[in-house]
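Quantities reported herein were computed from a predicted structural model and do not represent experimental measurements.
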Amino acid sequence: MGNIASRTLFGICILLAMACVAYGVAVWNTRSGTSFWLVWIVFAAILVLLGLSFLLHWWSLVPKFVRYIVIVLAIAGLACFGLVESQIIAAMNTTADSGLDYVIVLGAQVRKDGPALALRYRLDKAIEYLEANPGTKCVVSGGKGPNEPFPEAQGMAAYLEERGIDSSRIIQESKSTTTEENIRYSLKLIESNTSDSNQANASNQNSESNVQNLTVGVVTNNFHMFRALQIAHNNGLPQTQGIPAGSPPDMLVNNMVREFFAEVKYLL
């Protein structure tokens, strides 16, 4: 590789690394409650090393069979990333039927002054659905994180009530700390609520059958919908429907990349 090409590739890598650092700082400034912004710093470091490998011709010093392995792994990784992201994008456009029995609103960060922006998107979408479907009940799901003043479910319920949703329609699930727990614990509450609504002497078998026949929707941000539905379907409600809410546009790239790693972790 010629010196001009090497320097050009080095410059491109450095510019991309600087962009990653800037974006990572922007993500950090949102105070989202996660440390995923550090991934962008890692990406920047990798790009710097890659740029140096072009500039200093390190790649030519690597044994040929190692180069083949690296190239194959890189192509496989990009293919997996593309496949997962295509599923995430497809799930952003899902729609739910009217008149669902329950909707589950998945939690996200709450602060002293109320839900964070990503969570407000979810709650506003839930309000829109609940106002259009007065017979639907709502489970707000989320426990108390280490950087939160109270359980997410409590803040979510207060937000809904302040905007006109009757408290009798809201069920709080305040123990979960992950998306999978959001789904599992919410389904248990729905099962319990359904059992209480049936005759007192109904058997557990009949109760479970009744839950299986319920129509349930999941409300979460668009980038999160694919994994949320996957978890719901794998936890005994294959008919669960998605009600995707919007999300902060400036954080969409970060959130979609984060969802890729979350999906890989879930599958493993």
**Q** Between Cys138 and Ile171, is there a side-chain heavy-atom distance shorter than 4.5 Å?
**A**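 Not touching, per the 4.5 Å side-chain cut-off.
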
**Q** I'd like to know whether NZ of Lys144 has more than 12 heavy-atom contacts from other residues, nucleotides or ligands below 6.0 angstrom.
**A**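 Correct, the count exceeds 12.
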
**Q** Test of understanding: with side chain to side chain contact (heavy atoms under 4.5 Å, CB included), list the residues that count as partners of Asn254, not counting sequence neighbours.
**A**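 Tyr23, Val27, Phe36, Trp40.
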
**Q** If two hydrophobic side chains count as joined below 4.5 Å and joins carry through other members, does Val21 share a cluster with Leu50?
**A**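 The answer is no; the residues belong to distinct hydrophobic clusters.
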
**Q** Is the backbone of Ser168 close enough, under 3.5 Å, to the side chain of Asp166 for a donor and an acceptor to pair up by distance?
**A**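 It does hold such a pair.
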
**Q** Any non-hydrogen side-chain atom of Met225 less than 4.5 Å from a side-chain atom of Pro244?
**A**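 When only atoms from C-beta onward are counted, Pro244 and Met225 do touch, with a gap below 4.5 Å.
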
**Q** Could you report the tightest heavy-atom contact between Glu131 and Pro134, atom names first, then the distance?
**A**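 The answer is O-CD, 4.2 Å.
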
**Q** Check whether any side-chain N or O of Asn234 sits under 3.5 Å from a backbone N or O of Gln230 as a donor-acceptor pair, and report yes or no.
**A**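 Judged by distance alone, yes, a pair lies under 3.5 Å.
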
**Q** Once you round to the nearest 0.5 Å, how far does CD of Glu181 lie from CD1 of Ile231?
**A**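 Rounded to the nearest 0.5 Å, the CD-CD1 separation comes to 10.5 Å.
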
**Q** Can you run down the salt bridge (charged side-chain N to carboxylate O under 4.0 Å, His left out) pairs that involve residues 257-268, sequence neighbours left out, and say none if there aren't any?
**A**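 Non-adjacent pairs meeting salt bridge (charged side-chain N to carboxylate O under 4.0 Å, His left out): Arg227-Glu259.
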
**Q** Would you indicate whether the side-chain heavy atoms of Trp37 and Val25 approach each other to under 4.5 Å?
**A**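 Heavy-atom side-chain distance check fails, nothing below 4.5 Å.
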
**Q** Mind checking whether Trp28 and Phe261 sit in one hydrophobic cluster, side chains of I, L, V, M, F, W, Y counted as touching below 4.5 Å?
**A**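 Trp28 and Phe261: one cluster.
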
**Q** Give the cluster check for Leu73 versus Leu268: same hydrophobic cluster or not, with ILVMFWY residues linked at side-chain heavy-atom distances below 4.5 Å.
**A**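 As far as the 4.5 Å side-chain criterion goes, Leu268 and Leu73 are not connected within one cluster.
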
**Q** Starting from the C-alpha separation in whole Å, work towards a yes-or-no answer on side-chain contact (heavy atoms from CB on, under 4.5 Å) for Arg7 and Leu55.
**A** CA-CA 6 Å; Arg7 290 174 183 174; Leu55 185 66; 3.9 Å; yes

**Q** Applying side-chain contact (heavy atoms from CB on, under 4.5 Å), run through Gln109 and Asn147 and close with a yes or a no.
**A** CA-CA 9 Å; Gln109 188 180 34; Asn147 59 344; 3.1 Å; yes

**Q** Restricting to non-hydrogen atoms, name the atom on Leu106 and the atom on His224 that form the minimum distance, rounded to 0.1 Å.
**A**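 Heavy atoms only, the tightest pair is CD1-CE1, 3.6 Å.
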
**Q** Going hydrophobic residue to hydrophobic residue with side-chain gaps under 4.5 angstrom, can you get from Leu119 over to Leu130?
**A**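 In one cluster with Leu119: Leu130, yes.
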
**Q** Just so I know, are the side chains of Tyr266 and Glu180 near enough to count as touching, which here means a heavy-atom distance under 4.5 Å?
**A**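 Counting from C-beta outward, Tyr266 and Glu180 do come under 4.5 Å.
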
**Q** Are the side chains of Ile190 and Val139 in touch, meaning some heavy atoms are under 4.5 Å apart?
**A**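 Contact flag for Ile190/Val139 side chains = yes.
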
**Q** Which of these passes side chain to side chain contact (heavy atoms under 4.5 Å, CB included) with Phe223: Leu252, Val253, Val257, Ile89?
**A**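 Filter result, single survivor: Leu252.
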
**Q** I'd like to know if the side chain of Asn182 pairs up with that of Ser141 as donor and acceptor (distance under 3.5 Å, no hydrogens or angles considered).
**A**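 Ser141 and Asn182 do have a side-chain donor-acceptor pair below 3.5 Å.
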
**Q** Quick check against the 3.5 Å criterion: does Arg67 have a side-chain atom that pairs as donor or acceptor with the backbone of Val62?
**A**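 Yes; at least one donor-acceptor contact below 3.5 Å.
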
**Q** Does Tyr129 use its side chain to pair, donor to acceptor, with the backbone of Asp124 at less than 3.5 Å?
**A**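 No, because the side chain of Tyr129 does not come within donor-acceptor range (under 3.5 Å) of the backbone of Asp124.
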
**Q** Any donor and acceptor pair, going by atom type alone, linking the side chain of Arg163 with main-chain N or O of Tyr159 inside 3.5 Å?
**A**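 Yes, Arg163 side chain to Tyr159 backbone: donor-acceptor pair under 3.5 Å.
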
**Q** Under 4.5 Å between side-chain heavy atoms, hopping through other hydrophobics if needed: is there a path connecting Leu38 to Met251?
**A**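 Yes, because Leu38 and Met251 connect within a single hydrophobic cluster, where side-chain heavy atoms sit under 4.5 Å apart.
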
**Q** Any sub-3.5 Å donor-acceptor pair from Asp101's side-chain atoms to Thr136's backbone N or O?
**A**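 Pair absent, no side-chain N/O of Asp101 close to backbone of Thr136.
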
**Q** Can the ring centroids of Phe260 and Phe81 be said to lie less than 6.0 angstrom from one another?
**A**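 Yes: the rings meet the under 6.0 Å criterion.
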
**Q** Kindly give the heavy-atom pair with the smallest separation between Asn133 and Gly99, and that separation in Å.
**A**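 Shortest heavy-atom contact: OD1-N, 2.7 Å.
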
**Q** Quick one: does Gln172's side chain have a donor or acceptor within less than 3.5 Å of a partner on Met156's backbone?
**A**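 A pair under 3.5 Å: no.
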
**Q** In Å and rounded to the nearest 0.5 Å, what is the CZ to OG distance from Phe10 to Ser53?
**A**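 Going from CZ on Phe10 over to OG on Ser53, the span is 10.5 Å.
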
**Q** Enter the distance from Trp59:CH2 to Ser6:OG here, rounded to the nearest 0.5 Å.
**A**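 Going from CH2 on Trp59 over to OG on Ser6, the span is 14.0 Å.
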
**Q** Do Cys13 and Val48 pass the side-chain contact (heavy atoms from CB on, under 4.5 Å) test, and can you show the C-alpha distance, the side-chain angles, and the key distance before you say yes or no?
**A** CA-CA 6 Å; Cys13 288; Val48 170; over 6 Å; no

**Q** Might you point out which heavy atoms bring Arg122 and Ala245 nearest each other, and give the distance in Å?
**A**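 Scanning both residues, the minimum pair turns out to be CA-CB, 3.8 Å.
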
**Q** Just verifying a value: how many Å separate Gln87 CD and Phe226 CZ, rounded to the nearest 0.5 Å?
**A**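 If we round to the nearest 0.5 Å, Gln87:CD and Phe226:CZ are 5.0 Å apart.
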
**Q** Please give me the minimum heavy-atom distance between Ala118 and Asn221, naming the atom from each residue.
**A**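 So the two residues come closest at O-ND2, 3.0 Å.
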
**Q** Do you know which two heavy atoms are closest between Arg111 and Pro149, and how far apart they sit?
**A**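 Minimum heavy-atom separation between Arg111 and Pro149: C-CG, 3.7 Å.
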
**Q** Main chain of Ile4, side chain of Thr8: is a donor-acceptor contact present, judged purely on distance under 3.5 Å?
**A**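 A pair under 3.5 Å: yes.
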
**Q** State whether the side chain of Gln241 and the backbone N or O of Asp97 hold a donor-acceptor pair below 3.5 Å, judged by distance alone.
**A**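 A pair under 3.5 Å: yes.
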
**Q** With a 4.5 Å cut-off on side-chain heavy atoms, are Val219 and Leu123 touching?
**A**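 No; the side chains remain at least 4.5 Å from each other.
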
**Q** For a side-chain contact (heavy atoms from CB on, under 4.5 Å) check, start with the C-alpha distance between Leu100 and Ile243, then their side-chain angles and the critical distance, and finish with the verdict.
**A** CA-CA 11 Å; Leu100 297 175; Ile243 306 174; 4.2 Å; yes

**Q** When you measure from the side chain of Glu148 to the backbone N and O of Val110, does any donor-acceptor pair fall under 3.5 Å?
**A**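 Yes; judged by distance alone, with no hydrogens or angles, the pair exists.
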
**Q** State whether Lys125 and Glu128 are salt-bridged, where the test is any N-O pair (Lys NZ or Arg NE/NH1/NH2 against Asp/Glu carboxylate O) under 4.0 Å.
**A**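 Judged by the 4.0 Å cut-off on N to carboxylate O distance, Lys125 and Glu128 do form a salt bridge.
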
**Q** Classify the side-chain pair Thr240/His233 by whether it contains a donor and acceptor separated by less than 3.5 Å.
**A**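 No donor-acceptor contact under 3.5 Å links the two side chains.
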
**Q** Got a second to check how far Ile165's CD1 is from Lys137's NZ, nearest 0.5 Å?
**A**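 Output value for this atom pair is 14.0 Å.
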
**Q** How many angstroms lie between CG in Leu9 and CD1 in Ile14, if you round to the nearest 0.5 Å?
**A**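 Output value for this atom pair is 11.5 Å.
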
**Q** Indicate whether the side chain of Asn222 and that of Tyr121 have a donor and an acceptor atom separated by less than 3.5 Å.
**A**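 No, no side-chain donor-acceptor pair sits under 3.5 Å.
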
**Q** Members other than Ile46 in its cluster, when Ile, Leu, Val, Met, Phe, Trp, Tyr link by side-chain heavy atoms under 4.5 Å?
**A**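 Cluster partners of Ile46: Val42.
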
